[in-house]
Amino acid sequence: MIQSHNEWDKVEEIIVGTGLYCYAPSLDTGLNMEFTNTSSPDGINNNPFYGNYPAKILQETEEDINKFVEELNKLKITVRRPEPPPMADFATPDWKCDRFFPYCPRDVLLVVGDRIIETPGPYRSRYFETISYRNLLAEYMDQGARWFSAPKPRLLDTIYDYTRNANGLKLNNDEPVFDAANVLRAGYDIFYQISDTGNEMGLKWLASMLGSEYTVHPISSDIYSSVHIDSTLCLLRPGLILANPERVKSLESLPKSLQSWKVIYAPDMVEYSYSEMEPISSKWLGMNLLMLAPDLAVVDAHQTPLIKLLEQNNINVLPLTLRHGRTLGGGFHCITLDVKRAGKLEKYF
Ligand code: DAV
């Protein structure tokens, strides 16, 4: 039975994505706008690449992921994997698109307690990505999980704003739209990043479906307006947050409840060479870590200053690599979905 209430309790079962089907879509208006049409201070891709990734990237990513899975197995964590996606273009009544790839289950599925929610993501190319998890979702439902799918967004051209709307965002507010990776869980309190991949209506929908038992707190786009939350804030254990020093400039900018926790700032990230292709994530992907227990983190092995900081805070580190993480847009938090963690639903604030 699936059950996961927060970002830190001991992991018992986890889905790990795959790099085998990586493909860069060319027809996705939202994705093109996010990654190609404005030069980004974060150093993310403004030099588009379309189509199949070089075989070397796929192979090396598979090697890195296999190593990670081996380590999870040694810890007696059950690992589940996505199925191959249909290798086909697709359409809705409104548009046609080519596909993305099931490397980051974190973006498309959200686990809150015994619920597993298919989120209404902003990118057309990812519209049917949960197909790779269909059999798993059915199995989890059989075991007692509550399986939901958010209202499918239409993702018309008008949802995207190249010039940025009044809130400074490239995503309008016509319908609920968000990626699951815009969300962090801490028991009854859920934190939701307002950004180009998560709008206000998405937050409202999530709050309405979770019900009055839960509080969904917005994280202001003043902190970070581009994509997901998980290279900006990590909830390491009750009372301890790792924050991105370039984005979290003052503690007052955090939601009130988080201000009561101790915040440690990540040191600058160690940059390392990646493939000749431009990355679609910033150097801060180095802090996209995965807590396997309140005292155990999986961290990019290049990030030695960060590893030291975590160790000083009594967190042991399993250092591993994803050589093409920045190119493919996902670190260890992105490429996983912790469906089962020990521990129960608690109030931390
Ligand atoms: O900093 O480029 C990466 C987030 C991936 N989930 C960044 C955001």
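Numbering of ligands and ligand atoms starts at 1, following listing order.
Looking at Asp338 and Arg106, a side-chain N of the basic residue comes within less than 4.0 Å of a carboxylate O on the acidic one, giving a salt bridge.
With ligand atoms numbered from 1 in the order given, ligand 1 contributes 5 (C), 6 (N) to contacts under 4.0 Å with heavy atoms of His228. Taking every non-hydrogen atom of Tyr224 and a distance limit under 4.0 Å, the qualifying atoms of ligand 1 come out as 1 (O), 7 (C), 8 (C). Numbered from 1 in the order shown, with element, the atoms of ligand 1 that lie under 4.0 Å from a heavy atom of Cys334 read 5 (C), 6 (N). Each of the atoms 4 (C), 5 (C), 6 (N) of ligand 1 lies under 4.0 Å from some heavy atom of Asp230.
Not a single heavy atom of Ala181 sits less than 4.0 Å from an atom of ligand 1. At a 4.0 Å cut-off, not a single heavy atom of Met269 sits close enough to ligand 1 to count as contact.
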Can you check ring pair (Phe, Tyr, Trp, His ring centres under 6.0 Å) on Trp8 and Tyr348, steps first, answer last? CA-CA 13 Å; Trp8 56 79; Tyr348 298 99; 5.0 Å; yes
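The part of Val227 lying near ligand 1 is the side chain, judged by heavy-atom distances below 4.0 Å. Both the backbone and the side chain of Ser281 come within 4.0 Å of ligand 1, counting heavy atoms alone.
Taking the centre of each ring, Trp284 and Tyr224 stay at or above the 6.0 Å mark. Checked against the 6.0 Å centroid threshold, Phe100 and Tyr23 do not count as a close aromatic pair. Taking the six-membered ring where the residue is Trp, the centroids of Tyr192 and Phe178 are separated by under 6.0 Å.
Within 6.0 Å of atom CZ in Arg146, more than 12 heavy atoms from other residues, nucleotides or ligands are found, so the atom counts as buried in its surroundings.
At a 3.5 angstrom cut-off on N or O pairs, Asp107 does not count as close to ligand 1. On a distance-only criterion, Arg247 and ligand 1 share at least one N/O pair closer than 3.5 Å.
Between the side chain of Asn32 and the main chain of Ser26, a donor-acceptor pair closer than 3.5 Å is present.
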